[in-house]
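A note on names: the letters A, B, ... follow the listed sequences, proteins ahead of strands, and every chain is numbered from 1. Here the structure is a predicted model, which is why all the values come from computation and not from measurement.
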Amino acid sequence: MNVRIYDGDTHIVEPPALWQDRVPTKFKALAPRWVKNDDGSESWVYEDGRRVSPVAGMMAPSGTSPVTWDLYSRTTYGEIRRGAYDPEARLHDMDTDFVYAHVLHPTLALSGPTNFSRDNVELQLVCTRAYNDWMSEFCSTDLDRLIGLALLPISGIEDTIAELERVRDLPGIDGVLLTAWPNGRATPLPEDDKFWAAAAAADMPVVLHVGITGSSEQDAFMGFMKLGDRSLVLGHINLERTAHAIMEALSYIIIGGVLQRHPALTIVGTETGIGWIPFFLEQTDDNFRRHRFWAETELTMLPSEYYRRQCFNTFQVDRAGILARDGIVENIVWSSDFPHTGADWPNSTVTIEHNLVGVPEDERRLILTENCRRAFRLA
Amino acid sequence: MSAVGESLTAERLDVDPDVTAFTKLATDAGWGDGLPLVPPTEEKVQAFVAASRRYPEHVLGEIPPRGAACTVELLAINAVMAGAPAESMPLLVAAIEAMTAPEYGLFSQNATTNSVVPGLLVNGPIRHDLEIPFGAGCFGGQAGPAPAIGRATRLVMRNVGDQVVGVTSKSVFGQPARVVSFVVGEWEERSPWTPLAERRGVPGNAVTVFGGTGTIDIADIHADSGPELLEIIGKSLAFPGTNAFIHRSVSGSGGDEDILVCLPPPWVDLITADIPDLEDVQHLLWMHAALPVSWWPATHREKLEAHDVIDDRGYVKLLSTLEQYLVMVCGGLGNLHALALHTFGQGHSVTRPIGDIPPPPNGSAS
């Protein structure tokens with residue numbers, strides 16, 4: 001393949017000492033703590049034992065066969081691919097996969113600061129900052145190839161903006177990850193506009209992984225896990241792959257005028273797939289044409305035009321989307337999900353070839369390189 | 001389960017990376033052919049897998065006589081050892097798929113007493129990309145990656161198919177191409193005819209796998225016209241001890257196989273001045289490639305007569321139909337030679353596209 005491949009959605013697995021090495025002394029007891037149990041298993045302990053989670057077996061299964069996967073299995077850091085948490089090993093894994101750059105999302109913290117605590121805002125904030133500092137250090141190993149995303153607080157719009165402005169100058173931080181609406185809740189509020197303005201001013205792309213997920217979704221997942229019905233769990237996981245959440249988020253963002261008011265803002269939906277986009281844009285445009293009069297909308301362009309101007313989405317396996325890419329070829333970014341279960345590492349180039357059959361070279365360059373570079377303002 | 005997510009599965013060995021040391025180790029272990037072997041490191045094999053545009057556990061076919069599944073990973077390992085370039089993997093993938101197609105008859109070729117070996121006839125722009133020879137010395141002697149590419153297929157037969165001389169392979173003599181095969185392009189730019197693979201239904205980059213028993217040089221210095229030249233070539237193809245005639249005497253259905261006739265550009269120019277259509281060329285070859293039944297001893301004549309293969313002139317034609325003459329333009333500009341390859345029979349040449357990407361893995365979880 002004659003292009004440098006930029007992977008728009010990969011994950012790190014937070015290393016054992018991430019928080020204990022970085023939070024102030026008075027928070028060490030409450031901050032996430034990795035422990036080795038007497039039986040040799042490993043766990044993450046949150047809030048001094050208020051919640052304990054096993055080191056899950058499917059955090060980083062890349063390179064293993066799906067026949068060996070089990071969501072209920074356990075693993076240890078000794079067994080996880082080192083490239084999940086060690087930057088030098090990560091670069092080696094990228095070389096093995098013939099991929100040049102990775103956009104880096106969390107794993108444990110993917111559900112956001114609620115992962116650190118549901119109700120202790122102070123703890124959420126110090127742990128969020130610790131994560132972001134670690135991500136910056138991780139990416140500093142190779143600032144061209146490791147593209148870090150910072151986690152944002154969920155404790156109110158002022159905290160969200162404050163952390164955005166703190167991380168904007170951290171080396172290796174090229175975007176921010178929202179795990180709730182900027183106001184910190186599961187629904188958008190007018191006050192969010194201050195954040196969108198700040199993100200646009202900071203020239204920081206805002207990443208929505210799968211969508212804007214809140215704790216209710218996490219609760220549903222954990223509930224299904226406890227029920228033990230594997231098909232229900234799989235059904236829940238499948239929602240991630242079928243774009244429900246991102247369509248909901250973009251409906252509010254586009255129709256709500258966020259992109260109209262902030263033309264410099266960029267929204268990147270990761271692990272969303274792309275096949276839904278032509279459908280979504282067609283329906284949204286049609287809906288807009290019919291209802292814009294009574295709705296007193298402030299939009300001066302079609303919703304699809306805002307999308308094309310300011311949005312990107314990543315896909316892993318989406319031949320349907322590739323075949324329907326007319327009009328969105330400058331908005332779609334290939335990704336692998338490494339080292340999570342969506343990845344075909346170390347055979348990403350094979351998956352790319354399967355998906356991009358018949359796509360001309362100039363469009364391949366957009367999908368594999370240029371769109372990602374543009375989305376994350378990579379010089 | 002699909003290949004998705006799996007990495008290389010072959011056993012890892014700690015070996016001396018020195019080529020000489022590795023070659024000794026591998027040859028002693030039965031993995032080599034006596035020529036130097038490149039150690040197939042994980043990095044190299046992964047690069048070859050990636051170049052194949054297939055997942056490593058994708059099964060290309062079963063290789064006889066063992067009948068073992070040849071995965072892309074196994075092909076890549078052998079291609080690395082052979083010294084083939086990674087860029088040749090799509091060609092090798094197509095070649096192995098063609099060889100393992102049931103109609104090709106690889107089992108009999110790999111086990112027979114004959115010296116037959118599958119060779120690769122390459123069409124399309126990929127000839128230039130891979131430096132596949134089609135000019136002077138194209139069947140051997142021209143420097144380039146072709147011998148290593150061919151050797152990769154031979155190592156697959158050895159290491160995946162367990163084709164072992166004197167054990168599972170009963171070939172009495174073998175032949176040089178059993179080490180490096182023959183990998184030859186068609187000189188499409190000098191051919192007045194549709195490329196060989198396209199005539200067989202595969203336009204563009206394609207490989208035709210042909211089982212050749214050895215090269216037969218056909219020389220002439222007197223023919224002054226297309227018909228004269230084709231008469232000489234056709235008659236030169238027919239000699240009593242060929243497999244095609246043996247099959248005719250055994251079952252009457254003989255002459256079922258293909259014969260490859262390689263014509264150099266100067267002879268093609270001479271032929272097409274009189275006979276522009278390829279079908280007419282094939283017709284003359286078919287007509288002249290025959291022997292009078294009286295040439296055979298009585299025992300043989302009885303067999304031929306029993307199978308009703310003698311025509312009105314008292315001749316036995318080498319092949320049943322003119323389409324079985326695979327005519328390909330290649331070779332140098334010396335105006336003296338054609339080249340022919342007979343085959344073993346019990347199978348047919350197979351053509352496959354190169355670089356054909358399988359359907360996307362959507363929903364391929366099983």
Next item on the list: Considering non-hydrogen atoms only, spot the tightest contact between B:Ala50 and A:Val350 and give its length.
Entry: CA-CG2, 4.3 Å
Note to self: Testing the basics here: between B:Glu43 and A:His92, what is the closest heavy-atom pair and its distance to 0.1 Å?
What the structure shows: OE2-CE1, 3.7 Å
Take atom [atom1] of [X] as the centre, draw a 6.0 Å sphere, and report whether it contains more than 12 heavy atoms from other residues, nucleotides or ligands.
X: A:Tyr72; atom1: OH; answer: yes
X: A:Asp326; atom1: CG; answer: no
X: A:Glu79; atom1: CD; answer: yes
X: A:Arg373; atom1: CZ; answer: yes

Check: Relative to chain A, which segment of B:Ala51 carries a heavy atom at a distance below 4.5 Å: side chain, backbone, both, or neither?
Finding: neither
Check: To the nearest 0.5 Å, what is the distance between NE2 (A:His354) and CZ (B:Arg53)?
Finding: 9.5 Å
Check: Where do B:Gln46 and A:Asn347 land on the side chain to side chain contact (heavy atoms under 4.5 Å, CB included) test, with the steps shown first?
Finding: CA-CA 8 Å; B:Gln46 188 59 47; A:Asn347 303 305; 2.9 Å; yes
